[in-house]
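For ligands, and for the atoms within them, numbers begin at 1 and follow the listed sequence. What you see is a predicted model, and the numbers here were worked out from it, not measured in a lab. Atoms considered below: every heavy atom in the structure, side chains included; atoms not considered: hydrogens, waters and symmetry mates.
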Amino acid sequence: MGEEQSKPACAPDHAPASGTLMEEWRKIRWGQKEDLQFVKDYQPYNKEVKELRVLLYGPIGSGKSSFINSVDTVLQGRIALRAQADAVSAKSFTTKHQTYKINKEGPGTFYPFVFTDIMGIEGPDKRGVCVDDIKLDMKGHIKDGYMFNPCSEISEDDQYYNKNPILEEKVQVLVCIIDASSSSILDDESIRKMRQVRLAARDLGIPQLVVLTKIDVACKEVQSDVKNVYKSNYIKKMIEKISVDLGFPLNCIFPVKNYASENETNDDIDSLILSAMKQIINSGEDFVNQL
Ligand SMILES: Nc1nc2c(ncn2[C@@H]2O[C@H](COP(=O)(O)OP(=O)(O)O)[C@@H](O)[C@H]2O)c(=O)[nH]1
Ligand SMILES: [Mg+2]
């Protein structure tokens with residue numbers, strides 16, 4: 001393979017890159033229903049845990065809320081719009097610590113995994129969540145409803161501070177959401193913050209993976225057919241760069257296209273979301289069973 005560029009060779013913010021297609025570099029079975037069934041049937045083996053807690057973090061506008069909606073959409077089989085996605089991401093829309101459950105069959109029944117959406121990580125101007133809050137969140141110390149303050153971490157006497165979190169209140173899977181379409185991918189300050197979060201999670205033994213969103217915006221070939229994702233040289237290079245910048249193994253990075261403007265679901269979009277979800281569940285399950 002030739003000399004790698006530090007940044008993938010494409011990428012104006014708004015025009016998708018037209019990259020070359022190559023032989024499939026990761027295999028996936030498109031449109032199959034096994035992963036959907038797996039996610040639908042999942043129950044934690046460890047009876048101490050009613051639900052897996054998945055914490056989503058990443059830059060503002062990277063698609064955290066949209067990912068929650070997308071999972072909801074895939075499981076319901078129709079477009080869901082609950083976690084409010086923000087079309088104008090000038091500043092983080094989500095400033096509150098909020099946990100989302102996903103309805104199963106009838107009202108009042110939920111899937112045994114929940115997503116916590118937090119304020120975005122932001123670069124040097126300090127508008128985003130502070131890393132110390134994410135660390136406390138991973139340990140279960142932040143309750144739902146807490147309004148993040150970009151300048152300071154939660155104090156122990158805050159009404160939203162949970163002094164004695166039980167296992168279920170702790171984070172079991174950390175998912176870093178990154179936007180594939182922004183030209184610089186990540187600024188240095190975000191990389192620094194995200195590495196800190198990653199190291200803190202590693203010290204706690206929490207499994208982590210990356211969901212790479214907006215692959216349709218990033219790459220023309222993917223925009224025309226999402227099935228080109230694992231043939232796209234551009235997406236491959238980007239995943240390699242994220243792996244180097246943030247220290248994630250390649251097989252922990254999952255490209256997805258979120259449901260953003262669609263009116264109907266699509267099996268291929270579903271397949272990518274489900275393959276990320278299956279890995280999220282499997283790693284969370286391993287984590288709670290090894291405790
Ligand atoms: N085309 C496209 N748009 C996306 C995708 N994911 C998110 N978006 C859009 O990006 C914007 C920001 O997403 P949002 O979920 O609010 O980001 P958050 O700040 O991380 O929660 C919204 O307008 C979404 O509709 C994607 O995979 N493809
Ligand atoms: Mg959001």
Does the side chain of [X] come under 3.5 Å of the side chain of [Y] through a donor N or O and an acceptor N or O?
{"X": "Asp144", "Y": "Thr99", "result": "yes"}
{"X": "Thr73", "Y": "Arg78", "result": "no"}
{"X": "Gln290", "Y": "Asp286", "result": "no"}
{"X": "Thr213", "Y": "Asp179", "result": "no"}

So how far is it from Phe113 CZ to Met277 CE, rounded to the nearest 0.5 Å?
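Answer rounded to 0.5 Å: 4.0 Å.
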
Provide the number and element of each atom of ligand 1 under 4.0 Å from a heavy atom of [X].
{"X": "Ser66", "result": "6 (N), 7 (C), 13 (O), 14 (P), 15 (O), 24 (C)"}
{"X": "Lys257", "result": "27 (O)"}
{"X": "Val217", "result": "1 (N), 2 (C)"}
{"X": "Ala260", "result": "2 (C), 3 (N), 4 (C), 25 (O)"}

Specify side chain, backbone, both or neither for Asn258, according to which of its non-hydrogen atoms lie closer than 4.0 Å to ligand 1.
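It is both backbone and side chain that touch ligand 1.
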
Report yes or no: does a heavy atom of Ile177 sit under 4.0 Å from some atom of ligand 1?
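Judged by the 4.0 Å heavy-atom criterion, Ile177 does not count as contacting ligand 1.
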
Please check whether [X] reaches ligand 1 - meaning an N/O of the residue sits under 3.5 Å from an N/O of the ligand, judged on distance alone.
{"X": "Gly63", "result": "yes"}
{"X": "Asp216", "result": "yes"}
{"X": "Asp117", "result": "no"}

Within 6.0 angstrom of Lys50 NZ, more than 12 heavy atoms from elsewhere:
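Check fails, neighbour count at 12 or below.
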
Taking everything shown except Asp41 itself, do over 12 heavy atoms lie less than 6.0 Å from its CG?
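Enclosed.
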
Please find out if the Mg ion (ligand 2) and some N, O or S atom of Ser66 are separated by less than 2.8 Å.
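No, Ser66 does not qualify, because none of its backbone or side-chain N, O or S atoms lies under 2.8 Å.
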
Over all atoms of both residues, closest heavy-atom pair of Pro44 and Lys47
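So the minimum-distance heavy-atom pair works out to O-NZ, 3.5 Å.
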
Counting heavy atoms only, which of Ala180, Ser65, Ser70 is nearest atom 21 (O) of ligand 1?
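Heavy atom nearest to atom 21 (O) of ligand 1 belongs to Ser65.
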
